[in-house]
Each structure stands twice: as C-alpha cells, then as structure tokens.
**Student:** 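Below is one structure. I have some questions about it.
The chains referred to below are lettered A, B, ... by the order of the sequence lines, with proteins before strands, and numbering in each begins at 1.
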2 protein chains.
Amino acid sequence: MRTAERTADGEGMPWGEVTPEAARRLLVAAVEAFAERGYHATTTRDIASRAGMSPAALYIHYKTKEELLHRISRIGHDKALKILTAAADREGTAAERLTDAVRSFVGWHAARHTTARVVQYELDALADEHRAEIVELRRRSDATVRRILQDGVRDGEFDVPDVPGTTLAVLSLCIDVARWFNAQGRRTPGEVGTLYADLVLRMVVAREGPPPSAGSEGQK
Amino acid sequence: MRTAERTADGEGMPWGEVTPEAARRLLVAAVEAFAERGYHATTTRDIASRAGMSPAALYIHYKTKEELLHRISRIGHDKALKILTAAADREGTAAERLTDAVRSFVGWHAARHTTARVVQYELDALADEHRAEIVELRRRSDATVRRILQDGVRDGEFDVPDVPGTTLAVLSLCIDVARWFNAQGRRTPGEVGTLYADLVLRMVVAREGPPPSAGSEGQK
DNA sequence: CCCGAAGGTGAGCAAGCGCTTAGGTCTGCG
DNA sequence: CGCAGACCTAAGCGCTTGCTCACCTTCGGG
C-alpha cells in the first residue's frame with residue numbers, strides 16, 4: 001500500500017506532491033501567511049513559527065523566500081490549468097463545456113481561496129524568470145477558454161462579437177472570486193460556481209435557438 | 001481668476017484637491033510606486049526620490065507612510081462612488097442607468113488603472129480604523145449597483161434570480177479591470193467600458209421584451 | 001559501537017527599513 | 001534690515017529583515 005504515492009499529484013490531499021513532510025508544513029504555513037498579509041509583509045520568521053520551527057529551518061528546504069512563492073504559484077497554476085482543460089476537452093456542446101469550466105474553476109477559487117489569493121495576486125513578487133514561466137501557464141488558460149468560446153460561435157450556440165475581450169472578462173470574473181470569497185459567508189463554493197456559470201452563459205449565448213448546423217452570419 | 005479652486009474637487013486635474021503642491025507631488029509619486037511594486041515593497045525613500053525630494057521631506061506633509069495610502073484610498077473611493085451614484089441617479093430605464101454605470105466605472109478603472117490598482121488592492125495595508133472607513137464607502141457602492149438591479153427587476157426589464165450575488169459579480173468584474181488593464185494594450189478605456197457594459201447587460205436582461213407595466217411571471 | 005548523512009537549532013550579521021532631529025535656506029512683512 | 005515661519009536636507013537612530021553558520025540530535029547500516 002502506498003497511500004502517499006496515491007496522492008502524489010495533489011489529487012487527494014491539496015499539497016500532497018510536496019514531498020518532505022517538513023517542507024510541506026512550511027509551504028502550507030507560507031500560503032496562509034501570504035494570503036493573510038501579502039508576500040512582502042510576511043517574514044520568514046512568521047512562516048517558520050507557523051510551521052512550528054525555528055527561522056533557520058526554512059532554508060534547509062528552500063533557498064529563498066521567493067522560491068517558496070514560486071513553488072506555490074507553480075503548483076496552483078498547474079491545478080487551475082488542469083481544471084480548465086478538463087472541462088474544455090470533455091464531450092458536449094460549447095455551452096455545457098463552458099458551464100463546466102466556469103463552475104469548477106470558480107469552485108476551486110472559492111473553496112481554496114487562500115491558495116488562489118496567493119497564486120493570482122502575488123505574481124509581481126516573483127523573480128523575472130519565474131514570473132515568465134507562470135505567465136506562460138496563464139496564456140494557456142486564456143487559450144483554453146477562448147477555444148470554448150470560438151467553438152460556440154462556430155456552432156451558432158454563442159453570439160460573441162469580441163472573443164478575446166470576452167475571454168479576458170470571463171477569466172477576470174472567475175479569478176476575482178479569490179479576492180472577495182469568505183468562508184464564513186452565506187454562499188458555499190458550489191453555489192458561487194453555479195451562480196457564476198449561469199451569469200457567464202448569459203454573457204455569450206445567442207438570443208435565438210441554437211441550431212447545430214447553421215452557417216449564417218446573422219447581423220445581430 | 002482662481003484656476004486652482006476650479007479643480008479643487010479633482011474634476012479637472014486628477015489630484016487637484018491635494019493642496020500644497022509638494023504634498024501632491026509626493027502623493028502622485030506614492031501612487032506610482034504603490035501601483036508598481038505594492039505598498040509593502042515600496043520604501044519611503046523611493047517615494048521621496050520619485051518626487052525629487054529627500055527622504056525626510058515626506059514627513060513634513062504626512063505623518064506616516066500609511067497616511068499616504070489612506071489619503072489615496074479615500075480620494076479614489078470617493079471618486080468611484082461618485083461615478084456610480086451619478087449613473088444610478090440619472091433619469092432613464094434601469095438598463096440605461098446600468099449601462100452608464102458600468103461604462104463610466106470601468107472607464108475610470110482602465111484610464112486611471114494606476115490609481116485604481118492601489119485603491120482596490122491595497123486595502124489590507126490600511127490601519128484598522130482607516131480600513132473601516134473605506135469599507136463603508138464600498139458598502140455604499142454595492143448598495144448603489146444593487147438598487148439599479150432591483151429597479152430593473154421591479155420594472156420587468158431584468159431577470160436576476162440572485163440580486164446580491166449578481167451585484168457582487170458585476171462590481172468584481174469592473175474592479176478587476178484595474179489589475180489587468182495595460183495602457184500599451186490594444187484597447188482604449190472607452191472600448192473596454194463599452195464591451196463591459198454590453199456583457200453586464202446581457203447578464204441581467206430578461207429574455208422577453210421589456211414591458212414597462214406587465215405584472216406577469218411568464219417563464220418563456 | 002561507531003559513523004556519516006539528514007534535519008534541526010541559537011545566535012547573529014549586514015543591509016535596509018520607517019521615522020526623527022538638528023540645522024540650513026528661502027520668502028513675505030513690519 | 002531683522003526675523004518668524006514654512007519648507008527642506010544631512011545624518012543617523014533603533015529596529016527588523018532575509019539569510020548564514022557553527023553546532024547539536026537522531027538514526028539506519030557496516
């Protein structure tokens with residue numbers, strides 16, 4: 001039995017892929033601290049003490065404080081991209097795939113808003129090379145959503161005059177959930193995901209019925 | 001002739017209401033620095049040198065670095081609230097007022113994205129009492145948008161199952177423009193405003209025509 | 001029984017931080 | 001002219017920061 005390996009990709013336990021247990025405790029502590037106060041306002045002493053260690057222990061597992069942020073950001077963006085591609089690659093109409101994408105993407109940002117806040121709002125603190133790596137992942141997330149919208153327009157399901165702009169707006173709307181979501185609030189992550197999926201669908205669906213094979217270019 | 005007084009409310013020049021000219025230079029420098037690096041990563045020396053002054057000059061006009069942030073945040077939130085209430089209080093249908101509100105609110109966040117970034121994303125750095133004051137202004141912005149949506153539902157123009165949730169989503173969508181907008185990008189602030197006004201309207205309009213006095217609840 | 005690697009600690013260094021203070025230089029006015 | 005007040009600077013204080021280093025403990029294997 002290898003329970004640790006079963007969750008090695010972070011499927012079961014959130015940070016299962018961070019392998020030395022002490023390194024994981026430090027990383028989880030860093031996520032909490034960064035989310036609460038922001039990267040620059042968090043001290044290495046604060047991270048270490050949250051993990052129940054001395055300040056020096058951090059540097060056994062990570063070269064710098066920035067490396068911690070990079071690891072968090074990388075794992076988080078990988079997860080976010082995986083959620084989006086899973087929804088985009090499944091079978092179904094564009095509307096079904098978009099609904100699935102928004103619901104799961106928003107659900108993740110709400111349920112794991114602590115992580116998402118760090119992942120989405122602390123990019124500026126990354127070193128140049130690390131930030132470039134992350135920006136590439138975000139470019140791929142953008143392309144994934146754009147593909148769904150393009151498919152919907154092609155099939156006559158959607159009416160989207162500005163596909164790149166609408167893609168940006170949809171992603172922006174979903175990401176910003178991490179900023180305002182409050183676990184003590186009235187809504188569950190699932191409820192927010194459902195609400196947002198509905199709102200996004202309203203943004204893009206064509207007024208008329210969705211004929212599966214209509215190669216027309218209706219004016220408005 | 002009192003040209004300085006004409007712009008005393010910040011109508012003409014952006015920071016016209018900040019009165020000693022040296023204090024305004026410092027405040028503008030702080031906005032730029034905070035927007036680029038974030039509040040905590042910005043040093044008082046950096047602010048002063050951007051304003052062409054020595055580090056000590058800052059403390060002649062402001063008691064602390066946090067007071068600078070508070071002043072920026074207060075002025076920015078006043079302006080944002082004024083934009084929203086101006087659109088909400090004008091005459092016209094709910095759809096017209098919502099379009100106006102989103103277009104001007106988004107336009108401001110895009111055109112003045114440097115300021116807006118500080119105003120919207122550095123709340124955590126404020127002292128408790130100052131943050132409470134700002135949160136109250138945001139509560140009023142929320143109420144202003146919610147009122148437009150409620151009016152639209154009442155008049156049968158809008159179909160919004162979850163008014164508070166949709167209000168949150170609309171404001172979140174608009175505010176997040178400050179995070180991604182790039183002055184070097186393809187879109188002008190006005191174009192983004194128009195795009196967003198259209199997207200938001202699609203979120204809320206009822207499928208059927210907007211009868212001004214039709215108390216029916218026909219589903220489709 | 002010893003050993004060396006892995007993982008941890010206490011003390012502390014150099015640098016940079018927010019902010020203060022003593023003192024200088026203008027300018028308007030009696 | 002003299003001088004008060006507004007404005008600004010050079011120097012630096014006390015403290016915190018990210019990070020280092022010499023040393024300690026634990027433990028599986030020859």
**Student:** Does the pair R50(B)/E36(B) count as a salt bridge with the N-to-O cut at 4.0 Å?
**Tutor:**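 Answer for the salt bridge query: yes.
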
**Student:** Taking OP1 and OP2 of dC19(D), is either one under 4.0 Å from a side-chain nitrogen or oxygen of Y59(A)?
**Tutor:**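 For dC19(D), OP1 or OP2 has a side-chain N or O of Y59(A) closer than 4.0 Å.
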
**Student:** Figure out the NZ/C1' separation between K65(A) and dT16(D), and round it to whole Å.
**Tutor:**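 Computing the K65(A):NZ to dT16(D):C1' distance gives 12 Å.
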
**Student:** Just the endpoints, please: which first and last nucleotides of DNA chain C, 5' to 3', lie under 4.0 Å from a heavy atom of chain A?
**Tutor:**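 Under 4.0 Å from chain A, the extent on DNA chain C is dG8(C) to dG12(C).
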
**Student:** Classify the side-chain pair H40(A)/E122(A) by whether it contains a donor and acceptor separated by less than 3.5 Å.
**Tutor:**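 No donor-acceptor contact under 3.5 Å links the two side chains.
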
**Student:** Check whether Y39(B) reaches the backbone of D124(B) with its side chain - one donor and one acceptor, N or O, closer than 3.5 Å.
**Tutor:**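 A pair under 3.5 Å: no.
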
**Student:** Could you encode protein contacts along nucleotides 24-29 of chain D as a string, one character per nucleotide from 5' to 3', using B for base contact, S for sugar-phosphate-only contact and - for no contact, with a heavy-atom cut-off of under 4.0 Å?
**Tutor:** ------

**Student:** Please determine if D46(B) and R37(B) form a salt bridge, counting it only when a charged side-chain N lies under 4.0 Å from a carboxylate O.
**Tutor:**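 R37(B) and D46(B): salt-bridged.
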
**Student:** If I take atom NE2 in residue H40(B) and atom C1' in nucleotide dT16(D), what distance separates them, rounded to the nearest angstrom?
**Tutor:**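 Result: 14 Å.
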
**Student:** Only stems of 3 or more consecutive Watson-Crick or G-U pairs count here, both distances under 3.5 Å; name the ones for DNA chain D, or none.
**Tutor:**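 Paired runs of 3+ in DNA chain D: C:1-30 with D:1-30.
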
**Student:** Round to the nearest Å and state the distance from H61(A) atom NE2 to dC19(D) atom C1'.
**Tutor:**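 After rounding, the gap between these two atoms is 16 Å.
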
**Student:** Which residue, R146(A), R140(A), R138(A), forms the side chain to side chain donor-acceptor pair (under 3.5 Å) with D142(A)?
**Tutor:**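 It is R146(A), the one option of R146(A), R140(A), R138(A) that forms the side chain to side chain donor-acceptor pair (under 3.5 Å) with D142(A).
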
**Student:** Look at the side chain of R117(B) and the backbone N and O of A178(B), then say whether any donor-acceptor pair between them is shorter than 3.5 Å.
**Tutor:**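 Yes.
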
**Student:** Can you sort out which residues in residues 19-36 of chain B have a heavy atom within less than 4.0 Å of DNA chain D? Ascending by number, please.
**Tutor:**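 DNA chain D contact set from residues 19-36 of chain B: A22(B).
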
**Student:** So that I can tick it off, tell me whether D198(A) and R103(A) are bridged by a salt bridge, with the cut-off set at under 4.0 angstrom between side-chain N and carboxylate O.
**Tutor:**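 Judged by the 4.0 Å cut-off on N to carboxylate O distance, R103(A) and D198(A) do not form a salt bridge.
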
**Student:** Given atom CZ of R37(A) and atom P of dT17(D), what is their separation to the nearest angstrom?
**Tutor:**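 The answer, rounded to whole Å, is 10 Å.
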
**Student:** If you take any heavy atom closer than 4.0 Å to DNA chain C, which residues from residues 42-56 of chain A end up in contact?
**Tutor:**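 Close to the strand are R45(A), M53(A), S54(A), A56(A).
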
**Student:** Taking K65(B) for the side chain and T42(B) for the main chain, is one N or O donor matched with an acceptor at less than 3.5 Å?
**Tutor:**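 Yes: the side chain of K65(B) pairs with the backbone of T42(B).
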
**Student:** Give every residue pair that meets the ring-ring contact (aromatic ring centres under 6.0 Å, His included) criterion with at least one member in residues 55-87 of chain A, sequence neighbours excluded.
**Tutor:**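 Residue pairs passing ring-ring contact (aromatic ring centres under 6.0 Å, His included), neighbours aside: H70(A)-H130(A).
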
